[in-house]
2 protein chains.
Amino acid sequence: MARATLRDVARLAEVSPKTVSRVVNREAGVTPAKVAAVTAAIEKLGYRPNFTASSLRRANGRTATIGVVLENVANPFSSTLHRAMEDVAREHGVAILAGSVDEDPARERALISTFAGRQVDGLVVAPASGNQGYLTAEILGGTPLVFVDRPPVGISADTVVIDNRAGARRAVDHLITHGHRTIGYLGDLRSIATARDRLQGYRDALADEGIRPGPVVEDVHTESEAERAVHRLFAADRPPTALFTAQNLVTIGAIRALRSLGRQHTVALVGFDDFPLADLLEPGVTVVAQDPTAMGRLAASLVFRRLAGEQWEPAVHVIPTRLITRGSGEIQNAV
Amino acid sequence: MARATLRDVARLAEVSPKTVSRVVNREAGVTPAKVAAVTAAIEKLGYRPNFTASSLRRANGRTATIGVVLENVANPFSSTLHRAMEDVAREHGVAILAGSVDEDPARERALISTFAGRQVDGLVVAPASGNQGYLTAEILGGTPLVFVDRPPVGISADTVVIDNRAGARRAVDHLITHGHRTIGYLGDLRSIATARDRLQGYRDALADEGIRPGPVVEDVHTESEAERAVHRLFAADRPPTALFTAQNLVTIGAIRALRSLGRQHTVALVGFDDFPLADLLEPGVTVVAQDPTAMGRLAASLVFRRLAGEQWEPAVHVIPTRLITRGSGEIQNAV
DNA sequence: CTGAAAGCGCTTACAG
DNA sequence: CTGAAAGCGCTTACAG
């Protein structure tokens, strides 16, 4: 059974297509009798307007859809961003096309191209590594584009980020304050800009106090890699008395390792990124928390403000981080 | 700067629109010279095909987009479903419109209507409470529709669920095996079918052994409600020696309460739904786990099989659950 | 191998 | 208040 079209409704109601269009769009100035006839026909045929077709012809060409490109819709950080954007989008009657890129630049391009082909009105992108210069055409086409979580490379556009360097510095300062002088760093792929910034913050904090950087392990991307890295650190000569774990999966892997070594109550740990149940572990996990809800809301709002016609120079918007103390970061250095 | 159209490309390349169309769609039988001219024009104008417009005219009318209606894109269960469906969709070159309904039937209808208006090729719905009979028109329109997580009401369609009743029974059996005779139940809103099934499984297990149902608390929907409910249970006369918590937020709230009562190592607990870090708590949390990845993959596959033309009578597909023992459920009754 | 005409489902810009 | 004609960006169904 084929879907009924506006034409079918017009024929059944014995009016012109234009009149059906008026009724569907709630335009004023249609006789109540015709409204009734059209409404009845719509009901009878189970007619559903084809919004896609109407947006093709409509003056502004808007599809009331935006595209959201995330690292992985299933990870808590991404999905919280996603939900925040959805809430803003819903206020504007706009639907969301969402997808995951898993750190793969090729997937990022493919996804954005898919979304662009579906004529999204705007785009929010958490960029993978690599260059986003290929998006310039989008901007020239007038489609609002906002980056979130990480700054883009090769293009200037609105960007919503946190101050990763300052946040990391704060975390490491906290450990220094608790007497630690040998502080290990475990961080994500050095291809990721935010990972590099966090390492820099770690170095800043130590340099300020004239402390030699402890063991530094980069390119730790998964929980199990973090676990193995920590085992290696504590098998070595001069193990750290504290760890700064620069990403949430890394934090969790490190905790798992400390547990199996029986050191979770003696080695201090501060993680970057909050995660669910961090407060229920023993000890509770001290973290530098981002605010993905605020980030998502702001990113989406910027898109809608551009769509509403506001104009400004592309800018970087920095959302503050927050140190949440729960126990693991307050373990004093025994020495 | 307006977006270039296929016509613009045709003009610049000095060919007909049809030839541009052929090049864009990689149809064979175009002179290399014309292909080159068209390609150059596309490049020069930054032309991006309007997939929306082409699907309007294309024979099958497909938009290569499916709609996914979830309880909340940010909750771990929903987002894992989402990701699994995305992976299947990507294999088919299909994008996903996703949205959250937060248990609100009106939001469910609004979201589905939004998706239908954008001509999605198929729909996967985790239904809120209430009736889904209004979706019959979709089925008649030929749009594949699959329900996931909960069975729909008022309509017959493919459905992917777990056996909630059997899973709950399993959980409670486990507690009985460990000597418990006063087992409390804490469960979600009784308006939710799966919550009712889980309560039934709890009753089944106890009835089998001739044990009187312990304290039963229904309509516990959030973490803090669960926390308060547990405090109330243990302030009463005959507190349970074990708890069956029938949903993950309820489980977490209950654990928080047991902690603050200092009873987490003496009161046994089995939860329904696994959650991240359940193994890192002390004690580890024993759960009946669902497999949202398997559920999501199956639900999406059913949509694509229907789109490929396969036909069958709508059926209920049951994905098995699994008991994961981690400590909290193996606490013996001291009596 | 190439293109002119018609049409997908709808709205625009008019005319009456 | 209502509708006929044209057109949004593309593909179909032909004809050459």
Side-chain angles (χ1 to χ4, degrees), chain A residues 2-39 41-42 45-65 116-121 141-143, chain B residues 2-39 41-42 45-65 116-121 141-143:
Chain A
R3 251 194 191 69
T5 74
L6 183 142
R7 244 190 145 70
D8 298 327
V9 174
R11 254 187 302 258
L12 182 60
E14 299 184 307
V15 297
S16 76
K18 175 65 218 187
T19 294
V20 176
S21 171
R22 280 191 255 258
V23 173
V24 167
N25 295 301
R26 290 175 169 65
E27 285 172 36
V30 182
T31 327
K34 300 223 165 179
V35 172
V38 170
T39 308
I42 286 173
L45 297 174
Y47 170 70
R48 298 226 189 203
N50 181 334
F51 183 76
T52 287
S54 78
S55 81
L56 180 60
R57 187 64 181 91
R58 207 184 291 275
N60 64 19
R62 299 268 171 89
T63 55
T65 305
R118 282 163 186 72
Q119 311 305 115
V120 293
D121 298 334
T143 305
Chain B
R3 250 194 190 70
T5 74
L6 182 142
R7 243 189 148 69
D8 299 327
V9 174
R11 252 186 305 254
L12 183 59
E14 299 184 307
V15 297
S16 76
K18 176 65 221 185
T19 295
V20 177
S21 172
R22 279 190 256 258
V23 173
V24 168
N25 295 301
R26 291 176 168 64
E27 285 172 37
V30 181
T31 327
K34 300 224 167 180
V35 172
V38 170
T39 308
I42 286 175
L45 297 174
Y47 170 69
R48 297 227 189 204
N50 182 333
F51 182 77
T52 287
S54 78
S55 80
L56 180 60
R57 188 64 182 92
R58 205 184 292 273
N60 64 19
R62 299 267 171 90
T63 55
T65 305
R118 281 163 185 72
Q119 310 306 112
V120 292
D121 297 334
T143 304

### Task
Return yes if the base of D:dG3 and the side-chain atoms of A:R22 contain a donor-acceptor N/O pair under 3.5 Å, otherwise no.
yes

### Query
So does A:R7 reach the base of C:dG9 with its side chain, donor to acceptor, closer than 3.5 Å?
no

Tell me: [atom1] of [X] to [atom2] of [N], nearest whole Å?
X	N	atom1	atom2	answer
A:L56	C:dT12	CG	P	12 Å
B:Q119	C:dC8	CD	C1'	11 Å
A:R118	D:dG9	CZ	P	19 Å
A:N50	C:dT11	CG	P	9 Å
A:R11	C:dG9	CZ	P	10 Å
B:N60	D:dA13	CG	P	12 Å
A:D8	C:dG9	CG	C1'	10 Å
A:E27	C:dC10	CD	P	14 Å

### Heavy-atom pair of closest approach, residues A:A116 and B:R48
CB-NH1, 3.9 Å

### Summary
Closest non-hydrogen contact found for B:V120 with B:T143 is O-CG2, 3.9 Å

### Message
With side-chain hydrogen bond (donor to acceptor under 3.5 Å, both in side chains) as the criterion, how do B:R118 and A:T63 come out once you've worked through the C-alpha distance, each side chain's angles and the decisive distance to 0.1 Å?
### Response
CA-CA 8 Å; B:R118 281 163 185 72; A:T63 55; over 6 Å; no

OP1 or OP2 of [N] sitting under 4.0 Å from any side-chain N/O of [X]?
X	N	answer
B:K34	C:dT2	yes
A:S16	D:dT2	no
A:T31	D:dT2	yes
B:N25	D:dT11	yes

### Query
A:P17 near the nucleic acid: base, sugar-phosphate alone, or nothing, with a heavy-atom cut-off under 4.0 Å?
nothing

### Nucleotide opposite C:dA4 in a Watson-Crick or G-U pair, distances under 3.5 Å
none

### Message
With a 3.5 Å limit on both atom pairs, tell me what D:dA13 is paired to, counting Watson-Crick and G-U wobble, or say none.
### Response
none

## Note on the structure
Note: for B:T19 and A:A59 on DNA chain C, the residue whose nearest nucleotide lies more 5' is B:T19

### Message
Quick check for you: among D:dG9, C:dG9, C:dT11, whose closest atom lies nearest to any side-chain atom of B:R57?
### Response
D:dG9

### Summary
Among C:dG3, D:dG9, C:dC10, the one nearest any side-chain atom of B:V15 is C:dG3

### Task
Side-chain contact test, heavy atoms from C-beta onward, threshold under 4.5 Å: evaluate it for A:V15 versus A:V38 and give yes or no.
yes

### Query
Heavy-atom distance under 4.5 Å between the side chains of B:V35 and B:T39, does that happen here?
yes

